[in-house]
Structures are given as structure tokens and as C-alpha cells.
Amino acid sequence: MTNRQESTGRSATGRRLLVSCVIGMLAVAVGLWAASSTVWIRQRYRTPFSGADVARVAGEAIRPELTPLALATLAAIAAVLATGGLLRRLIGLIIVLEAVLLGWRLFDWLAGSRGVSEVPGAAPGSEPLEVRGVLPYGPALMGGAALVLLLCGLAVMLAARRMPAMGAKYSAPAEARETRDPDRRLWEDLDEGRDPTEAGDGDENG
């Protein structure tokens with residue numbers, strides 16, 4: 001009975017952790033999309049016809065990868081839900097690498113000139129000049145998204161076995177699980193990232 005209670009507790013913890021990661025990654029995707037559409041800087045430029053002017057430059061012009069990475073994050077959510085075991089750990093590693101890429105790209109921009117080589121919407125032949133103002137909202141969204149994504153990726157890597165896979169019968173009663181066909185149970189345990197030998201020991205002890 002104790003083994004069953006411990007197994008149920010681990011399953012509940014794994015489900016909560018999985019839900020937290022999914023919610024966090026959804027927030028990351030929304031944050032990256034918002035960062036891409038938010039104005040980051042006011043860039044002064046000079047046109048060959050009307051002299052100097054100021055443009056409001058959005059994140060998609062400064063960091064074009066924001067929208068693709070938002071879509072990649074949504075795809076990663078589906079991958080985390082559909083996989084288990086070693087494959088899920090690999091997905092977690094990819095998520096961590098995406099977070100590192102986001103952090104590096106943000107740091108590279110903050111440490112650089114913070115300007116753009118071509119001002120969006122400006123007339124051909126326009127010359128970018130100094131930045132008139134940096135708005136913090138877009139960079140803050142990108143930095144926050146990188147941090148949350150890093151935490152989610154690490155959680156997926158370290159707790160992949162405890163998180164249930166989509167379609168797995170982790171919510172079925174214990175009695176139903178015990179009456180399953182042994183061969184089918186073995187494959188389902190492997191698919192869910194559990195060690196079938198440990199499950200067998202727990203049954204014998206019970």
C-alpha cells in the first residue's frame with residue numbers, strides 16, 4: 001500500500017510539474033510575440049529628401065528571430081507532451097539551448113550600438129543616426145522569456161521520467177493498471193519513462 005501511495009504521489013507531482021512547464025512555455029511564446037511587436041527604440045535617421053526624422057523601431061526589426069522562436073516554443077510544448085524518457089530529455093536540452101540563444105542575442109544587442117542598420121519604413125537611401133531613446137518593455141519581455149524558458153527546459157531535462165506523456169494511462173486506477181497484460185504493461189512503462197523492474201519489485205513487496 002505504501003508503494004502505491006508513493007507512486008500516486010510521484011505521478012501527481014509529475015503532472016503538476018508538467019502543467020507548470022506547459023503554462024510557462026505558453027507564457028514564453030506570448031512574451032516573445034509581444035516583444036517582437038513592441039517598440040524597442042526611437043531611431044533618428046536622415047533621408048536624402050526631407051532631412052532628419054525619427055522612427056519607432058519594433059523588436060521584429062531588431063531581433064527578427066523573436067517570432068520564429070515563439071513558434072518553436074509552441075512546437076516544443078507539443079513535443080514535451082507527446083514524448084517521454086530519453087527523447088523528452090533531449091527536447092528539454094533543446095529548450096535550454098533556445099533560452100541560452102535568447103539570452104545571448106539580448107546581451108549582444110544591449111552591449112552593442114542598440115541601433116539598426118536600416119530603419120524600417122524609411123525612404124531608400126536613408127542613413128541611420130543616433131538612437132534617441134530605448135524603451136525597456138521589449139528587452140524586458142525577451143529577458144523574462146529567456147529566464148522562464150531556461151527553468152522550463154531544466155525541469156523537463158531533470159524530471160522527464162516523472163512527467164506523464166500525453167495519452168499515457170497515468171490517471172487510471174491502480175487496480176486497473178495491475179490487471180493489464182504483462183507484455184503491454186512492460187512497453188507502456190518503457191514509453192512513460194518508468195523502469196519496469198522497479199514496478200515489478202513494488203508489486204512483489206505489496
Side-chain angles (χ1 to χ4, degrees), residues 10-41 43 56-118 120 134-171 190-194:
R10 287 195 297 267
S11 297
T13 301
R15 286 196 296 272
R16 287 194 294 267
L17 188 57
L18 177 62
V19 170
S20 298
C21 288
V22 168
I23 293 175
M25 293 170 68
L26 281 173
V28 167
V30 173
L32 293 178
W33 175 83
S36 71
S37 58
T38 300
V39 174
W40 283 39
I41 62 173
Q43 175 82 53
R56 297 167 64 86
V57 184
E60 59 185 356
I62 297 173
R63 285 293 175 256
E65 67 271 14
L66 288 173
T67 299
L69 287 179
L71 297 176
T73 302
L74 293 177
I77 293 174
V80 168
L81 289 173
T83 58
L86 181 60
L87 185 56
R88 178 175 278 172
R89 291 180 189 273
L90 179 60
I91 299 298
L93 176 60
I94 294 173
I95 294 172
V96 169
L97 293 178
E98 179 186 349
V100 172
L101 174 63
L102 280 170
W104 167 249
R105 291 290 286 167
L106 178 61
F107 173 80
D108 181 62
W109 181 76
L110 292 174
S113 63
R114 300 188 184 182
V116 292
S117 57
E118 295 182 4
V134 178
L135 303 180
Y137 311 110
L141 284 170
M142 185 176 179
L147 178 59
V148 173
L149 198 62
L150 178 63
L151 295 176
C152 291
L154 290 175
V156 171
M157 286 181 61
L158 298 176
R161 291 183 59 184
R162 288 189 293 170
M163 294 180 180
M166 184 174 63
K169 298 181 179 179
Y170 57 85
S171 59
L190 291 173
D191 183 62
E192 294 171 13
R194 296 197 302 265

Chemist: Would you name the heavy atoms of R15 and P164 that are closest together and state the gap between them?
Modeler: CG-CG, 3.6 Å
Chemist: How many angstroms lie between SG in C21 and CG in L149, if you round to the nearest 0.5 Å?
Modeler: 10.0 Å
Chemist: Taking all atoms of both residues into account, what is the closest heavy-atom pair of L106 and M142, and its distance?
Modeler: N-CE, 3.8 Å
Chemist: Out of curiosity, W33 CH2 to T67 OG1, how far, rounded to the nearest 0.5 Å?
Modeler: 9.0 Å
Chemist: Taking side chain to side chain donor-acceptor pair (under 3.5 Å) as the definition, give me every residue that meets it alongside R105, ordered by chain and number, with sequence neighbours left out.
Modeler: E65
Chemist: Assess whether side-chain contact (heavy atoms from CB on, under 4.5 Å) is satisfied between T83 and L90, documenting all intermediate values.
Modeler: CA-CA 10 Å; T83 58; L90 179 60; over 6 Å; no
Chemist: Show the numbers, then the answer: is there a side-chain contact (heavy atoms from CB on, under 4.5 Å) between R63 and D108?
Modeler: CA-CA 11 Å; R63 285 293 175 256; D108 181 62; 3.4 Å; yes
Chemist: Minimum heavy-atom separation for A146 and G103, please, with both atom names.
Modeler: CB-N, 3.9 Å
Chemist: Give the C-alpha distance, both sets of side-chain angles, the deciding distance and a yes or no for side-chain contact (heavy atoms from CB on, under 4.5 Å) between V57 and I62.
Modeler: CA-CA 8 Å; V57 184; I62 297 173; 3.9 Å; yes
Chemist: What closest approach, in Å, do A35 and G138 show between heavy atoms, and which atom pair accounts for it?
Modeler: CB-O, 3.8 Å
Chemist: To the nearest 0.5 Å, tell me how far I94 CD1 sits from M157 CE.
Modeler: 10.5 Å
Chemist: Drop me the distance from E60's CD to W40's CH2, to the nearest 0.5 angstrom.
Modeler: 11.5 Å
Chemist: Measure the shortest side-chain to side-chain distance between R89 and R161 over non-hydrogen atoms and say whether it is less than 4.5 angstrom.
Modeler: yes
Chemist: With sequence neighbours excluded, give me every side-chain hydrogen bond (donor to acceptor under 3.5 Å, both in side chains) pair touching residues 134-144.
Modeler: none
Chemist: Tell me which donor-acceptor pairs under 3.5 Å the side chains of residues 69-82 have, and how far apart each pair is, sequence neighbours excluded?
Modeler:
{"residue": "T73", "atom": "OG1", "partner": "L69", "partner atom": "O", "Å": "2.8"}
{"residue": "T73", "atom": "OG1", "partner": "E98", "partner atom": "OE2", "Å": "2.8"}

Chemist: Between the side chain of R162 and the main-chain N/O of L17, is any donor-acceptor distance below 3.5 Å?
Modeler: no
Chemist: Heavy-atom distance under 4.5 Å between the side chains of R88 and V156, does that happen here?
Modeler: yes
Chemist: Could you state the interatomic distance from CG (L18) to OG1 (T13), rounded to the nearest 0.5 Å?
Modeler: 12.5 Å
Chemist: How far apart are the closest heavy atoms of L135 and P139, and which atoms are they?
Modeler: O-CD, 3.4 Å
Chemist: Using every non-hydrogen atom in the two residues, find where A155 and M163 come nearest and quote the distance to one decimal.
Modeler: O-CE, 3.7 Å
Chemist: With a 4.5 Å cut-off on side-chain heavy atoms, are L102 and L32 touching?
Modeler: yes
